[in-house]
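Structure first, commentary second.
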Amino acid sequence: MPPLQFWKPGTAGPGSTLDREAETEGSLLSGPLNNNLNASLSLASQRTRLPIYKHREKLLYCVEKYGCVIVVGQTGCGKSTQLPQYLKEANWASENHVIACTQPRRVAATTVAARVAEEVGSVLGDEVGYSIRFEDLSSPTRTRIKYLTDGMLFRETMVDPLLSRYSVIMIDEAHERSAYTDLLLGLLKKMRRKRPELRIIISSATIDAEDFLEYFNSNADGDDRSQDDAIILSLEGRTFPVQTAYLETPSPNYVEAAVQAVFDIHMKEPKGDILVFLTGREEIEECCQEIADRSLTLPKMAPRILPLPLHAGLPTEDQQVVFEPAGRDTRKVIVATNIAEASVTIEGIVYVVDCGHVKIKTYNPRTGMDVLTVTPCSVASANQRSGRAGRTQPGKSYRLFPQSAITSGLMPPTTPPELVRSDISLFVLQLKALGVDNVLRFDWMDSPPSEMMIRAMEFLYSLKAIDDSGRLTKPLGTSMAEVPVDPMMAAILLNSHNFKCGEEILTIAAMTSVQNVFVFGEGAAGAMGEIERRKFTAEEGDHLTLLNAYNAFVRYGRQSPKWCASHKLNYKALLRAVSIRKQLGKYLERFNIPVESCEGDAKRLRKCLVTGYFKNAARMLPDGTYRSVRENALLHVHPSSVLFTRTPSTNWVIYHEVIETTKSFIRDLTVIEQDWLVESAPHYYTFRGGKFKPE
DNA sequence: CCACTGTTT
């Protein structure tokens, strides 16, 4: 295969100004800035040397004058670590007020908090703290700067609807538009009307700053506002330039093109590791295999090349490998999914190869199915990926698509927000609990399609969470809004006392909340996993299999990582399930719902599952395929299900979810009796227009 | 009959 022809725009070309990024955000502990510093300099004086410090007064002025400041600056300029400190120093955290800073991810909340605590000279959890699910390292009286996940702050609005403890709320990484970030934006905008002293800081990427500005300056209620409430503030940061090259003619096979690009770089460019972005596990395995095969043909004297896969499905030990230094004269090639775009940062990357695509999940309200498809990624995404090449030195980004893909609009400027492509039943329920009765009129930054809202309302009505006027039912609806699981599972939990099986349902709810419980592997390792899982397999299906695995982990495995490894179970996932189960148990206790065991009576358990899962019912045909009860849609059992190789004794099943990839796959199945559907949800099937006719 | 992008309460 001939070397790929890349076109490299000049310094003024596209990407050359956007695609810049510095090392660890606001880092004072590493990076080039630190090298020249006198070791005796205090952390405080180091802080004043950060480029962002020049903007300190301007920022404080804007926060004083405007309700909402949209801060634009590249990752790495120190927004997350410095801005909250500037605000504290300017007395925004006096009189027991707290400065909050939200993050879309747990690790970010904890690591940024730890760094800022060090800079402030505080013990983590004292003046500077964090709060994420299962871990609250903050003091209600002493903490002045608090980092938390956006989901956590949203939860706080349920207890304190005006978030009165906070004087300033900074929404970091707002451009990612996570569901809870979007919900918070809507709530904060509303809050400011009742709390004009509240200040909002939105941290965003350049590309969508104007959208935030327009949103916060617009007035849905037509109030007369004499002056703009929001303003954009641009910050500069310490960055290394990343040169961007485009492939002139797109390859029909980007995996192959990626392999070729990797070898072109390896043969022509100086040392430095390569990060390749592909869309999924299968592509990554194929790419790594091909790199390994072709590396055998390298000249004897050439440096070695080491392909390393990275995706969320890998066990933690395997993920760690990408951080280990490769041997002498060996170039690491990390072949990754989007996990390396924002969640995982690998130092030492100098070259990025970007396939220009991404796998994205989109909910189809018409079919009620999630679709997982490969599509062109956004320009924002491509820029973020390129930036990964410039963390420690100037880098190069090789894009496996032509520049016209950007200019022609083939690639959207930004990724659609999570809220407009998700099943929003849970969010509608939670908004109603916050007093937003008319969700259609909620001031969404981007409104979910009305079809999704209608679908969500119908579904919540069928679960008896809302009444026919759309209000939350009491106590079922209000309780469902509080429990941290999806509405289906919340209904099952809250109905469990009627079937005297709360103990088991708590476990099943916890286990369906975590992913990748059973470790999957390639080839022989995969076969071992299959054999191990048979030990837990229940004839009744996946929910009881999950229950068995959990009980074995607690009883025989004594929650040990070694036991998990030998049974091909994901230790971290199971440990998380233990925490979730405990938390859910506390909710049931607070709601005064008795928790009993069904003492091995699986029938009661399965009947209880039907009280929430009834809309997800399917029937097996003689040819082994399934049809959904609701729309008679063709469904296939996912190969990860224990029912993939089995026939359900009754031919009837309920399932946790359906996801469309190559086919429509149903996952997490349980065998049921046909009668239980009408028995447990007659309202639903008559409500749906009597489509369901028992045979 | 053969498969899971990534987050989070």
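Naming: A, B, ... by sequence-line order, numbering from 1 per chain.
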Practice task
Before accepting this row, confirm whether a basic side-chain N of the pair Asp208(A)/Arg177(A) lies closer than 4.0 Å to the acidic partner's carboxylate O.
Solution key: no

Fill in the blank from the handout: Atom CZ of Arg385(A) and atom C1' of dG6(B) are separated, to the nearest Å, by 11 Å

Practice task
Give me the residues of residues 639-649 of chain A where at least one heavy atom lies under 4.0 Å from an atom of DNA chain B, by number, or none.
Solution key: Pro639(A), Phe644(A), Thr645(A)

Problem - Length of the line joining His175(A):NE2 and dT7(B):P, which is rounded to integer Å - result: 15 Å

Practice task
Using whole Å, report how far CG of Asp370(A) lies from P of dT7(B).
Solution key: 17 Å

Practice task
Could you check whether Gly280(A) gets within reach of a base, just the sugar-phosphate, or nothing at all, counting any heavy atom under 4.0 Å?
Solution key: sugar-phosphate

Handout entry: CG on Leu635(A) to CD1 on Ile666(A), rounded to 0.5 Å
Key = 5.0 Å

Handout entry: Contact under 4.0 Å: Lys663(A) side-chain N or O vs dC2(B) OP1/OP2
Key = yes

Exercise for the section: Go through dT5(B), dT7(B), dT9(B) for me and flag the one nearest to the Tyr180(A) side chain. Expected result: dT9(B)

Handout entry: Sugar-phosphate, base or nothing in reach of Gln430(A), heavy atoms under 4.0 Å
Key = nothing

Exercise for the section: With heavy atoms under 4.0 Å as the rule, sort Glu418(A) into base, sugar-phosphate or nothing. Expected result: base

Handout entry: Position toward the 5' end of DNA chain B (nearest nucleotide), Val483(A) or Asn338(A)
Key = Asn338(A)

Practice task
May I have the distance from Lys572(A) (atom NZ) to dT7(B) (atom P), rounded to whole angstrom?
Solution key: 10 Å

Exercise for the section: For dT9(B), take OP1 and OP2 only and decide whether either is under 4.0 Å from a side-chain N or O of Arg106(A). Expected result: yes

Exercise for the section: Give His636(A) one of three labels, base, sugar-phosphate or nothing, depending on what nucleic acid heavy atoms sit under 4.0 Å from its own. Expected result: nothing

Exercise for the section: Rounded to the nearest angstrom, tell me the gap between atom CD in Gln103(A) and atom P in dT9(B). Expected result: 12 Å

Handout entry: Interatomic distance, Leu314(A) CG vs dA3(B) P [rounded to whole Å]
Key = 18 Å

Exercise for the section: State whether a side-chain donor-acceptor pair under 3.5 Å links Ser513(A) with Arg576(A). Expected result: no

Problem - Check: Glu156(A)/Tyr166(A) side-chain N/O donor and acceptor closer than 3.5 Å - result: yes

Exercise for the section: Assess the side chains of Ser381(A) and Glu341(A): does a donor N or O sit below 3.5 Å from an acceptor N or O? Expected result: yes

Exercise for the section: Select base, sugar-phosphate, or nothing to describe what Ser178(A) touches, counting heavy atoms under 4.0 Å on all strands. Expected result: nothing

Handout entry: Side-chain donor/acceptor of Asp542(A) to backbone N/O of Val642(A), under 3.5 Å
Key = yes

Problem - Validation row, ring centre His543(A) to ring centre Tyr613(A) under 6.0 Å - result: yes

Fill in the blank from the handout: To the nearest angstrom, the OH-P distance between Tyr130(A) and dT9(B) comes to 12 Å

Practice task
Check every strand shown and say whether Arg133(A) touches a base, only sugar-phosphate, or nothing at a heavy-atom separation below 4.0 Å.
Solution key: base

Exercise for the section: Select from Phe665(A) and Thr149(A) the residue whose nearest nucleotide in DNA chain B is closer to the 5' end of that strand. Expected result: Phe665(A)

Practice task
Mind calculating the distance between CD (Glu530(A)) and P (dA3(B)) to the nearest angstrom?
Solution key: 14 Å

Practice task
Tell me what Leu372(A) touches on the nucleic acid: a base, only sugar-phosphate, or nothing, going by heavy atoms under 4.0 Å.
Solution key: base

Exercise for the section: For residues 578-589 of chain A, pull every pair meeting side-chain hydrogen bond (donor to acceptor under 3.5 Å, both in side chains), keeping only residues two or more places apart or in separate chains. Expected result: Arg133(A)-Gln583(A), Arg155(A)-Tyr587(A), Glu503(A)-Arg581(A), Thr507(A)-Arg581(A)

